[in-house]
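See below for the structure under consideration.
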Protein chains: 4
Amino acid sequence: MVEKSKKERLIQASIKLFAQQGYHNTTVAEIADEAGVAKGTVYWYFNSKEELFWGIIVSRIESINEKITEEVSKINKTAIEKIGTVIRLQLNLFKDNKNIVKMIHESSFSPGENFYKKMQQLRAIGINSVAKIVKEGQENGEFVVDIEAEELANFILGSISGSYNPSVYKLDKVEEKTDLILNIILNGVKA
Amino acid sequence: MVEKSKKERLIQASIKLFAQQGYHNTTVAEIADEAGVAKGTVYWYFNSKEELFWGIIVSRIESINEKITEEVSKINKTAIEKIGTVIRLQLNLFKDNKNIVKMIHESSFSPGENFYKKMQQLRAIGINSVAKIVKEGQENGEFVVDIEAEELANFILGSISGSYNPSVYKLDKVEEKTDLILNIILNGVKA
Amino acid sequence: MVEKSKKERLIQASIKLFAQQGYHNTTVAEIADEAGVAKGTVYWYFNSKEELFWGIIVSRIESINEKITEEVSKINKTAIEKIGTVIRLQLNLFKDNKNIVKMIHESSFSPGENFYKKMQQLRAIGINSVAKIVKEGQENGEFVVDIEAEELANFILGSISGSYNPSVYKLDKVEEKTDLILNIILNGVKA
Amino acid sequence: MVEKSKKERLIQASIKLFAQQGYHNTTVAEIADEAGVAKGTVYWYFNSKEELFWGIIVSRIESINEKITEEVSKINKTAIEKIGTVIRLQLNLFKDNKNIVKMIHESSFSPGENFYKKMQQLRAIGINSVAKIVKEGQENGEFVVDIEAEELANFILGSISGSYNPSVYKLDKVEEKTDLILNIILNGVKA
DNA sequence: AATGAATGAGTATTCATTCAT
DNA sequence: CATGAATGAATACTCATTCAT
């Protein structure tokens, strides 16, 4: 079929609108409208507006976490190369899902306890994977050893998303940006 | 009188509640209640709920921006020292204003285009100040020159806030953390 | 087949759910579910939720009215005996159809004028039949004559259902209760 | 003031509409409209539509229960006289509050567990009071003693409300009706 | 300055009903 | 006969804001 399923259309419409206008400023009616379905149809596929929002967020983060985890287990790559891949994965996520990044941004403030915990878990999973890479690098002499692996992982992941700033970074040059960030993280800024 | 002014009490109540519950889940009635005033009184001191929210956010960010700007102009310090101060300032802001940090997090997206732009401006001011420090450091040979000052500034500021993760960082040891971050930024993680 | 027809299953499910939860708190989806059929199927057998509800109510009341009418025409019984039978019929209806009694209770008011009138009519038919018995009794000297037959009939029918109180009456002893009520109605409570 | 309070107006409007159309067929908007206030005002005075409905029901039943209880304790009246008063009180309640009677009718089917229990309690209180009168009458030889006082009380109260039928009883002649019912209850219908 | 009663626009959610298959 | 995806009208309730006192 060329025609997308109504559920898929609802998800796309949600991503677009939530990102553009924020969760609270987007109505279920608007989403249905944008997706070209009736309001009631939203509730045929999703139990609530919250579930719709968080379902999207969680699925995307899980997807990138999976990719990172995958990267960790590769044996024919150095730790440095793996960190490079992590950066590239994140930047590509940002590039391909500008709207979702915005949604994740917003989600950092929790509408509900349940989802907040879920988000914490997801972040922990990501950090954990990167920490494994770091440990590997520390063990084989690629990385400095005077900093705890987990703290380093936290810094790395944080600096990628923290430094992601649409008004500064033009994300059409992912490779370039990856090199830049990796360069700073590896060598620092001192002359 | 030791009794705080009603306006001050309203601001404190707002910070507490907005941070705990988020903007949309906090009602004006709750704020008035927490502050011990009548609902109508809120509107004597503030024109709207939004103004109350943003007034707080903006004032705090402006305050730290001022401090950074101040730091820039000091002449008896190296650029590296200045960057260290910037990190220390940020971490202290986080430490002293956990609630406000949460608010800023939320505000990175929330209610309406106007304020989003305002936030972008504020961020730009901060980056601008740090970029001046960086340029200074590049000119006097402290920092690498193959990276644009603004991009570097963006990375520095971003990595501080991005790596700020309450569940990992215990912010009671600001000096220690400052050294850690500064160390990574300056020297990188490569062995 | 031992398997009941879908229509029958729908009726049974409706009685159960309407009685347990009331008309407005029972959804067509629930009924279909309870009956083990698809939602759409309900509409093959019944034109609407209302029709389903009222169809049940009306059929039961009509059935008891028929029995009462039947009773009236018997010629080998005294009026007193006939009244006794009416009481017994009612109590047995209550006993066997607790759920339906609840439904009738609710229906004494519920959805829309049309059905309210229908209920009035049904009640009128019942009263009319009993009134015939009363008249008979008045004519042959069994009952007092200073009270209009219809008013008496109304009292009799009303006192049966009005005094029906599940928390007081244990309806397992229908004969006993019949005697009790008949006794009071006939002889009164004065010593 | 000639102008009734908004709360009072809301109560009156609710009684009217709930009785005319039933609980589920009456919208909060209609009530507000009928009372001449804004929709939001309903929620200033009442927490919910349910509370509004049940608040009315309960308060009226409590009021008549109080009157009955009062009657019980009078010492210069015979039990028969007291029963007469109970009948008169009920009929007057019906007369003055035709709408409320309808509401009580409807309430016999519970929207919520809490209120259902409350209703049971209220009925129990009424029966209890009447049972006291009956006992009194049994002790001083006014009433037959072969029937349990509580069962008799249940019958009496039940027969009054059960036999209340707007299409038969014209409630403008309360005294007459009171005598009629009292007469039947006391002496029965046997010639 | 301060109050709090009153407002009414705004919205998520439900559910009887339809109809293409 | 039977299904269940899809519809959209209907509605209780919230809450920022106003204003007479």
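Not measured: the values here are computed from a predicted model. FYI, side chains are in, hydrogens and waters are out, and symmetry mates aren't considered; it's all heavy atoms of this structure.
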Less than 3.5 Å apart, which donor and acceptor atoms pair up between the side chains of residues 26-35 of chain B and the rest of the protein, not counting sequence neighbours?
residue: B:Thr26; atom: OG1; partner: B:Leu17; partner atom: O; Å: 3.2
residue: B:Thr26; atom: OG1; partner: B:Gln21; partner atom: OE1; Å: 3.2
residue: B:Thr26; atom: OG1; partner: B:Gly22; partner atom: O; Å: 2.7
residue: B:Thr27; atom: OG1; partner: B:Glu30; partner atom: N; Å: 3.0
residue: B:Thr27; atom: OG1; partner: B:Glu30; partner atom: OE1; Å: 3.4
residue: B:Glu30; atom: OE1; partner: B:Thr27; partner atom: N; Å: 2.9
residue: B:Glu34; atom: OE2; partner: B:Lys16; partner atom: NZ; Å: 2.9

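- Looking at C:Lys49 and C:Phe18, their side chains come closer than 4.5 Å, going by heavy atoms from C-beta outward.
- Rounded to whole Å, atom P of F:dT11 lies 13 Å from atom CG of D:Leu17.
- Taking D:Glu62 as the reference, D:Val58, D:Lys118, D:Leu122 meet the side-chain contact (heavy atoms from CB on, under 4.5 Å) condition, with sequence neighbours excluded.
- A:Phe46 has its CZ atom 18 Å from the C1' atom of E:dT14, to the nearest Å.
- If you check every strand for non-hydrogen atoms under 4.0 Å, B:Tyr45 touches sugar and phosphate atoms only.
- Under the side chain to side chain donor-acceptor pair (under 3.5 Å) criterion, C:Gln12 pairs with C:Glu8, not counting sequence neighbours.
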- Would you sketch DNA chain E in dot-bracket for me? Only Watson-Crick or G-U wobble pairs with both distances under 3.5 Å count, crossing pairs as [ ], other-strand pairs as |, the rest as dots. .||||||||||||||||||||
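- Atom CD1 in B:Ile31 sits roughly 17 Å away from atom P in E:dG4 (whole-Å rounding).
- The aromatic rings of C:Tyr23 and C:Phe53 lie perpendicular to each other, with more than 60° between the two planes, well past the 30° mark.
- No donor-acceptor pair under 3.5 Å is formed between the side chain of D:Ser63 and the backbone N or O of D:Ser59.
- In terms of the side-chain contact (heavy atoms from CB on, under 4.5 Å) criterion, residue partners of B:Ser48 (sequence neighbours excluded) are, by chain and number, B:Glu50, B:Glu51.
- Remark: C1' of F:dC15 and CG of B:Leu52 are 15 Å apart, rounded to the nearest angstrom.
- With rounding to whole Å, D:Gln21 atom CD is found 14 Å from F:dT11 atom C1'.
- Contact detail for D:Ile11 and D:Ile56: the closest heavy-atom pair is O-CD1, 3.9 Å.
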- Which nucleotides of nucleotides 8-13 of chain E have their base under 4.0 Å from a protein heavy atom (B), which only their sugar-phosphate (S), and which neither (-), written as one string 5' to 3'? BBBSSB
